[in-house]
Amino acid sequence: MRKPTSVGTLEDFGRVRLSKSFFMRDFLYSDIAAINGFSNIPDNPEIAIASGTRLCEEILEPLQDVFGRIVIRSAYRSPEVNGFGAANGLNCASNDSNAAHHIWDRKDTDGNLGAMACVVVPSFYDRFPNDGDWKKLAWWIHDHLPYNEMTFFRRYWAFNINWRENPVRQIYNWMEVPRWLTKPGMENHSGSHEDLWSGIIP
């Protein structure tokens, strides 16, 4: 599949169904692109579809099945969009760092495919809005889903969640210290954490 260059081909690309609930179009909106007039379209659509399909089928659908509708805050970024965001302090990492993350159609330096989305789980936030409650959801995901990494933020407990080949499985946050909730090598990384998330299933 070639990069879309017309309204028709972009419509067709947007209609690609990544999983039972999600289509490619759900992941293409970008505030940076909208304000600055950039095209947020993958250069390599087939790679973006392959990565996005794994993100949707293995992470987003199971999450939505348990907790109800999830909201996509930010997802795919073209290298142009992401590079502009990184250069202008708009909460974007470098293009090299975001390959196989927000840049779905580029493999990372180790050759891994990957895709990331920033999501909100409204039903969870409504029930657990207090300081530290985000950890309950983080530990549930850690115990149940094949994520690569997550980063949590304060507003509505939004978080970046990444599917990637050869996952590391690490959780970071921007709300409190220590920043790392878990990562390989930490004593809390393995085993069940049910005592930390018990009671959150609606």
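Summarising the local packing, CH2 of Trp174 is surrounded by 12 or fewer heavy atoms from other residues, nucleotides or ligands at distances under 6.0 Å. For Asn88, the CG atom sits in a packed shell: over 12 heavy atoms of surrounding residues, nucleotides or ligands are nearer than 6.0 Å.
Within the structure, salt bridge (charged side-chain N to carboxylate O under 4.0 Å, His left out) contacts touching residues 52-63 (residues at least two apart or in different chains) are Arg54-Glu58. Within the structure, no pair that satisfies the salt bridge (charged side-chain N to carboxylate O under 4.0 Å, His left out) test touches residues 184-202, not counting sequence neighbours. Residue pairs meeting the salt bridge (charged side-chain N to carboxylate O under 4.0 Å, His left out) criterion with at least one member in residues 166-176, sequence neighbours excluded: Lys135-Glu176.
Judged as a salt bridge (Lys or Arg N to Asp or Glu O under 4.0 Å), and not counting sequence neighbours, Lys183 has no contacts. Residues satisfying the ring-ring contact (aromatic ring centres under 6.0 Å, His included) test with Phe22, not counting sequence neighbours, are Phe27. Residues passing the salt bridge (Lys or Arg N to Asp or Glu O under 4.0 Å) test with Arg164, sequence neighbours excluded: Asp108. For Glu165, there are no salt bridge (Lys or Arg N to Asp or Glu O under 4.0 Å) partners, not counting sequence neighbours. Judged as a salt bridge (Lys or Arg N to Asp or Glu O under 4.0 Å), and not counting sequence neighbours, the contacts of Asp65 are Lys20.
Ile141 is listed as a side-chain neighbour of Leu63, based on a closest heavy-atom distance under 4.5 Å. Contact of the Trp134 side chain with the Phe159 side chain is not registered, since no non-hydrogen atoms from C-beta on lie closer than 4.5 Å. You'll find the side chain of Trp139 reaches within 4.5 Å of the side chain of Thr182, heavy atoms only. Considering only heavy atoms from C-beta on, Asn40 stays 4.5 Å or farther from Ile32 through its side chain.
Note that CD1 of Ile103 is 12.0 Å distant from OG of Ser51, once rounded to the nearest 0.5 Å. Taking NZ from Lys107 and CG from Leu113, the interatomic distance works out to 5.0 Å, rounded to the nearest 0.5 Å. The CG atom of Leu18 sits 8.0 Å away from the CG atom of Asp26 when rounded to the nearest 0.5 Å. One distance of note links CG of Asp31 with CG of Asn36; it measures 10.5 Å at 0.5 Å rounding. Remark: Lys3 NZ to Leu10 CG distance equals 10.5 Å, nearest 0.5 Å.
Put simply, the side chain of Trp104 gets close to the backbone of Met116: a donor and an acceptor are under 3.5 Å apart. A donor-acceptor contact shorter than 3.5 Å links the side chain of Asn173 to the backbone of Met175.
In terms of hydrophobic clustering, with Ile, Leu, Val, Met, Phe, Trp and Tyr side chains grouped at heavy-atom distances under 4.5 Å, Ile35 and Ile41 are assigned to different clusters. One hydrophobic cluster, built from ILVMFWY side chains closer than 4.5 Å, holds both Phe128 and Leu181. Criterion: ILVMFWY side-chain heavy atoms under 4.5 Å apart, direct or through other members. Under it, Met24 and Val7 are not part of a common hydrophobic cluster. Tyr156 and Tyr172 fall into different hydrophobic clusters, defined by Ile, Leu, Val, Met, Phe, Trp and Tyr side-chain heavy atoms under 4.5 Å apart, directly or through other members. Cluster annotation: Met1 and Ile47 are assigned to the same hydrophobic cluster (Ile/Leu/Val/Met/Phe/Trp/Tyr, side-chain heavy-atom contacts under 4.5 Å, transitive).
In the hydrophobic clustering, where aliphatic and aromatic side chains (Ile, Leu, Val, Met, Phe, Trp, Tyr) are joined below 4.5 Å either directly or transitively, Phe23 stands alone.
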Counting only pairs under 3.5 Å, give me each side-chain donor-acceptor contact of residues 118-127, with atom names and distances, residues two or more places apart or in other chains.
from	atom 1	to	atom 2	distance (Å)
Ser123	OG	Phe67	O	2.5
Arg127	NH1	Ile200	O	2.7
Arg127	NH2	Gly199	O	3.4

Which donor-acceptor pairs under 3.5 Å do side chains of residues 143-155 form with protein atoms, sequence neighbours excluded?
from	atom 1	to	atom 2	distance (Å)
Asp143	OD1	His193	ND1	2.7
Asp143	OD2	His193	N	2.7
Asp143	OD2	Trp197	NE1	2.9
His144	ND1	Trp140	O	2.8
His144	ND1	Trp140	NE1	3.4
Tyr147	OH	His142	ND1	2.5
Asn148	OD1	Val168	N	2.7
Asn148	ND2	Asn162	OD1	2.7
Glu149	OE1	His101	NE2	3.4
Arg154	NH1	Asp131	OD1	3.4

Can you give each donor-acceptor pair under 3.5 Å made by side-chain atoms of residues 68-81, sequence neighbours left out, with the distance rounded to 0.1 Å?
from	atom 1	to	atom 2	distance (Å)
Tyr76	OH	Asp105	OD1	3.1
Arg77	NH1	Asn82	OD1	3.1
Arg77	NH2	His102	NE2	3.4
Ser78	OG	Ser39	O	3.4
Ser78	OG	Val81	N	3.1

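Annotation for Asn95 and Gly83: closest pair OD1-N, 3.1 Å, computed over non-hydrogen atoms. Scanning all heavy atoms of the two residues, the minimum distance from Pro4 to Pro42 falls at CD-O, 4.5 Å.
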